[in-house]
Amino acid sequence: MYDLFTIGHSTHSVEYFLEMLTSHRIAAVCDVRSNPYSRHAPQFNRESLRTGMEKRKISYLYFGTELGPRSKDPNCYEGDRVQYSRLAGTDLYRQGLDRLRREIASRPAALMCAEKDPINCHRMILVCRSLRKSGLRMAHILANGALEDNTAAEVRLIGRLKIPAGGLFEDDRTRIEKAYDLQSFRIAYRRKI
């Protein structure tokens, strides 16, 4: 059993998306998009999504202010690019993690963002990275509805980024952290200056 799930709405139909949630017995969706609206998939605008989820008795919770990838804090940026390590060090972000932990302690929940693949999304690269040291068991609901354990996603991330095996003093944890750092840089929000 997993403590936390993640899911990307991608361009799915709302019906298919809700079916994926119910098939994994998700009772609450924690929206971690900084802006809970989509030009490409307007069916996932906050109000539309909330209405569809209410019909399935799934709670909608907005976490984008605390756990979204587009910080309003100028100290979280280096030049035009948000720095996930700085964002993760803010009080607001830590409060969001505490709120999320309380939520997942009471019912099965999924972090939701737009990206289809978790290794291309801050929900894994920022939020799950922050939670992995706490021992939570996390899984990602993939576009076909299958589950991918977070550890398997990390292995896939290392492979995708071609992080080589290290020397004598470098273990798998070091490779995973390198992969998270590199992917953080690759996918981080860039503001217009």
Side-chain angles (χ1 to χ4, degrees), residues 3-12 14 17 21 26-53 58-105 107-134 136 138-141 143 150 153 157 180-193:
D3 301 306
L4 177 65
F5 297 85
T6 83
I7 190 167
H9 67 64
S10 187
T11 56
H12 298 305
V14 171
F17 178 78
L21 293 173
I26 303 300
V29 168
C30 305
D31 188 346
V32 294
R33 299 175 294 171
S34 293
N35 185 7
Y37 299 95
S38 174
R39 280 179 291 170
H40 304 292
Q43 67 272 28
F44 291 103
N45 289 349
R46 182 189 340 205
E47 294 77 16
S48 303
L49 186 58
R50 179 181 284 150
T51 300
M53 289 194 314
I58 300 171
S59 298
Y60 172 89
L61 305 163
Y62 183 64
F63 278 78
T65 302
E66 306 100 321
L67 302 179
R70 299 178 182 193
S71 178
K72 293 181 181 178
D73 182 346
N75 295 317
C76 291
Y77 289 83
E78 187 170 303
D80 65 343
R81 188 184 311 262
V82 73
Q83 303 297 302
Y84 284 173
S85 59
R86 292 181 191 175
L87 197 155
T90 65
D91 287 340
L92 184 62
Y93 182 83
R94 286 192 294 269
Q95 290 166 8
L97 288 181
D98 289 343
R99 181 176 157 224
L100 179 63
R101 285 185 190 100
R102 287 190 302 274
E103 189 58 45
I104 65 177
R107 56 188 165 174
L111 296 178
M112 184 200 73
C113 200
E115 285 292 330
K116 174 170 59 171
D117 190 341
I119 68 174
N120 293 324
C121 185
H122 87 286
R123 70 182 186 270
M124 176 184 164
I125 303 302
L126 173 63
V127 182
C128 289
R129 183 182 190 182
S130 298
L131 294 169
R132 63 193 291 270
K133 293 175 185 161
S134 65
L136 290 177
M138 298 175 283
H140 308 284
I141 303 170
N150 194 63
L157 177 64
Y180 273 118
D181 289 342
L182 180 57
Q183 193 69 338
S184 293
F185 181 79
R186 293 178 73 205
I187 69 170
Y189 170 69
R190 296 179 77 165
R191 64 183 175 182
K192 294 178 181 155
I193 297 180

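These numbers come from a predicted model, not from an experiment.
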Rounded to the nearest 0.5 Å, the CG atom of Leu100 sits from the CG atom of Leu131 at a distance of 6.0 Å
Could you please spell out the steps behind the side-chain contact (heavy atoms from CB on, under 4.5 Å) verdict for Gln43 and Leu49?
CA-CA 7 Å; Gln43 67 272 28; Leu49 186 58; over 6 Å; no
Check for a donor-acceptor pair, side chain of Tyr84 on one end and backbone N or O of Pro69 on the other, with a separation under 3.5 Å.
no
Pairwise side-chain hydrogen bond (donor to acceptor under 3.5 Å, both in side chains) hits with a residue in residues 183-193, at least two apart:
Asp80-Arg190, Asn120-Gln183, Gln183-Arg186
Of the non-hydrogen atoms in Leu21 and Ala110, which two are nearest, and what is the gap between them?
CD2-CB, 4.5 Å
Specify the closest pair of heavy atoms between Pro42 and Ser48, including all atoms of both residues, with the distance to one decimal.
O-OG, 4.1 Å
For residues Arg107 and Ser59, is any side-chain donor paired with an opposing acceptor at under 3.5 Å?
yes
Quick one: does Arg86's side chain get under 4.5 Å of Asp73's, heavy atoms only?
no
Inter-residue atom distance Ile187.CD1 - Ile119.CD1, 0.5 Å rounding
9.5 Å
Main-chain N/O of His12 paired to Ser10 side chain as donor or acceptor, under 3.5 Å
no
So, Arg123 and Asp31, do they make that salt bridge, N to O below 4.0 Å?
no
Looking at Tyr60, is Arg46 sitting on its ring face, NZ or CZ under 6.0 Å from the six-membered ring centre and within 45 degrees of the normal?
no
Pairwise distance CD1(Ile7) to CD(Glu115) - rounded to 0.5 angstrom:
13.5 Å
Kindly compute the distance separating OG (Ser130) from CG (Leu67), expressed to the nearest 0.5 Å.
8.5 Å
For residues Val82 and Arg70, determine if any side-chain heavy atom of one lies less than 4.5 Å from a side-chain heavy atom of the other.
no
Find out whether Val32 and Tyr62 are in side-chain contact, i.e. whether some heavy atom of one side chain is under 4.5 Å from a heavy atom of the other.
no
May I ask you to check whether over 12 heavy atoms, not counting those of Phe185, lie within 6.0 Å of atom CZ?
no
Distance in Å, Arg102 CZ paired with Leu97 CG, rounded so as to fall on 0.5 Å steps
10.5 Å
Decide whether a cation-pi geometry holds between Arg99 and Phe63; the criteria are a distance under 6.0 Å from NZ or CZ to the six-membered ring centre and an angle within 45° of the ring axis.
yes
Which residue, Leu92, Thr65, Leu87, forms the side-chain contact (heavy atoms from CB on, under 4.5 Å) with Ser71?
Leu87
Side chains of Thr6 and Ile141: closer than 4.5 Å at any heavy-atom pair?
no
On a heavy-atom basis, the closest approach of Asn45 and Ser38 is OD1-N, 2.7 Å
Look at the aromatic rings of His9 and Phe44 and report parallel, tilted or perpendicular, splitting at 30° and 60°.
parallel
What one should report as the nearest heavy-atom pair of His140 and Ala153 is CD2-CB, 3.8 Å
Compare every heavy atom of Asp91 with every heavy atom of Arg94, then report the nearest pair and how far apart it is.
NH2-OD1, 2.5 Å
Test side-chain contact (heavy atoms from CB on, under 4.5 Å) applied to Tyr180 and Ile125, step by step:
CA-CA 6 Å; Tyr180 273 118; Ile125 303 302; 4.0 Å; yes
Show your reasoning for whether side-chain contact (heavy atoms from CB on, under 4.5 Å) applies to Met112 and Leu61.
CA-CA 10 Å; Met112 184 200 73; Leu61 305 163; over 6 Å; no
Check the pair Leu136, Met138 against side-chain contact (heavy atoms from CB on, under 4.5 Å), reporting the backbone distance first and the verdict last.
CA-CA 6 Å; Leu136 290 177; Met138 298 175 283; 4.3 Å; yes
Rounded at 0.5 Å granularity, tell me how far CD in Glu66 sits from OG1 in Thr90.
10.0 Å
